[in-house]
There are 2 protein chains.
Amino acid sequence: MERTTRYSKKREAILTALRQTDAHPSAEWLYQTLKVTHPDLSLGTVYRNLLFFQQQGTVQSVGVVNGQERFDADTTPHSHFVCTCCGAVIDLPKIPMDANLNQAVQSQYGFQVERHELTFYGKCKTCMQSKHFEEDVLS
Amino acid sequence: MERTTRYSKKREAILTALRQTDAHPSAEWLYQTLKVTHPDLSLGTVYRNLLFFQQQGTVQSVGVVNGQERFDADTTPHSHFVCTCCGAVIDLPKIPMDANLNQAVQSQYGFQVERHELTFYGKCKTCMQSKHFEEDVLS
DNA sequence: ATGACTGCAAAGACTTTGCATCTTT
DNA sequence: AAAGATGCAAAGTCTTTGCAGTCAT
């Protein structure tokens with residue numbers, strides 16, 4: 001039996017929120033943001049729909065930052081910068097991904113490569129300017 | 001006051017175990033492995049020492065795979081392959097990292113870039129050969 | 001009506017932490 | 001003796017899940 005998909009107001013709201021931000025939010029962020037307009041939203045629903053979108057290919061995880069998984073509605077290949085100080089995840093459209101690398105790994109190692117991620121780590125502008133020498137939140 | 005570091009048998013064992021494998025193990029893996037020779041080892045100690053090594057720069061995290069953080073005692077820049085089927089993390093020494101990219105991001109975006117990671121995702125040879133069409137364990 | 005979707009809360013998984021004890025220096 | 005390191009267990013976070021009720025088709 002094929003499992004059918006039905007419309008859901010919450011699901012639509014979650015995807016819309018994810019598409020309207022470039023913050024690569026966590027489940028918690030989406031939950032807090034959407035609770036304003038959808039007071040009866042449940043955190044479990046956010047998690048369930050994020051999983052749904054990932055299986056659908058609509059949304060991709062950009063990894064775990066500071067213990068929280070972060071999501072991106074832009075599934076086209078692009079690299080990211082992660083601030084080890086504040087945890088911000090920022091798109092780097094000017095740093096292109098090399099699609100040939102997948103093939104290179106595939107032929108040199110014999111793996112079946114689906115995609116790759118290019119992620120930079122360091123301090124974002126805001127954190128660079130902060131006079132306080134605070135500890136990085138990331139290892 | 002400066003905090004001094006003292007020798008510890010357990011700490012040495014943890015680092016040695018991490019250096020002797022290329023499996024990019026999790027804390028749990030190290031704990032289970034070392035419990036054989038160090039029956040009184042505690043999982044908390046493994047976590048505490050992994051944090052210690054990271055702050056020291058001796059060990060690096062290669063990210064969270066399947067909910068578990070994975071560690072690498074090889075801190076020289078190199079790329080990785082993550083099997084989305086079995087969770088294996090494999091070094092790709094033949095796929096070099098481009099050290100210039102850090103500088104490129106730094107000058108084009110104004111961030112203070114410390115390092116970058118290049119990670120490929122797909123199926124390893126073992127999982128490719130498995131006749132069973134099992135679900136990927138990763139999203 | 002059927003079965004997908006949700007809220008709620010409990011459970012699960014991984015990691016951190018407090019405190020008494022043991023070790024290193 | 002002083003202070004770091006550990007064991008143990010409790011606590012803390014983030015995520016998943018069971019179930020009864022709700023909603024879309």
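Below, chain A is the first sequence line, B the second, and so on; all start at residue 1.
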Within this structure, what is the CZ-to-P distance between B:F52 and C:dT16, rounded to whole angstrom?
16 Å
A:S26 side-chain N/O to A:Q68 backbone N/O, donor-acceptor pair under 3.5 Å:
no
When the distance from CZ of B:R11 to P of C:dT24 is rounded to whole Å, what number comes out?
12 Å
Indicate, with a heavy-atom threshold strictly under 4.0 Å, whether A:S26 touches base, sugar-phosphate, or nothing.
nothing
Value in whole Å for how far the C1' atom of C:dC22 lies from CZ of B:R6:
12 Å
side-chain N/O A:N49 vs C:dT6 OP1/OP2, d < 4.0 Å:
yes
Any B:V65 side-chain heavy atom under 4.5 Å of B:H24 side chain:
no
Rounding to a whole Å, what distance do you find between B:K9:NZ and C:dC22:C1'?
13 Å
From the options B:L18, B:V62, B:V89, B:V46, select the one residue that forms a side chain to side chain contact (heavy atoms under 4.5 Å, CB included) with B:F71.
B:L18
First of B:F71 and A:D40 reached from the 5' end of DNA chain C, by closest nucleotide
A:D40
Quickly work out the B:R70 CZ to C:dT15 P distance and round it to whole Å.
11 Å
In whole angstroms, how far is the C1' atom of C:dT6 from the OH atom of A:Y31?
13 Å
Under 4.0 Å from OP1 or OP2 of C:dC5: is there any side-chain N or O of A:R3 that close?
yes
Do the side chains of A:F111 and B:L92 get nearer than 4.5 Å, heavy atoms only?
yes
Looking at B:K94, I'd like to know if its NZ atom is crowded, meaning that more than 12 non-hydrogen atoms belonging to other residues, nucleotides or ligands lie closer than 6.0 Å.
yes
Given that A:S42 and B:Y7 both sit by DNA chain C, which one's nearest nucleotide is further toward the 5' end?
A:S42
Set of residues satisfying side chain to side chain contact (heavy atoms under 4.5 Å, CB included) with respect to A:T58, sequence neighbours excluded
A:L15, A:R19, A:F53, A:Q56
Outermost DNA chain D nucleotides near chain A [under 4.0 Å, heavy atoms]
D:dC14 to D:dT25
Length of the CG-C1' vector between A:L34 and C:dG7, whole Å
15 Å
Map B:T4 and B:K10 onto DNA chain D by nearest heavy atom, then report which one ends up closer to the 5' terminus.
B:T4
B:Q106 side chain to B:V113 main-chain N or O, any donor-acceptor pair under 3.5 Å?
yes
Can you tell me if the side-chain N/O atoms of A:T5 get under 4.0 Å from OP1 or OP2 in C:dA4?
no
Look at the side chain of A:T45 and decide which nucleotide, out of C:dT6, C:dG18, C:dA4, has an atom nearest to it.
C:dT6
Check the distance between C:dC14's C1' and B:Q32's CD and give it to me in whole angstrom.
14 Å
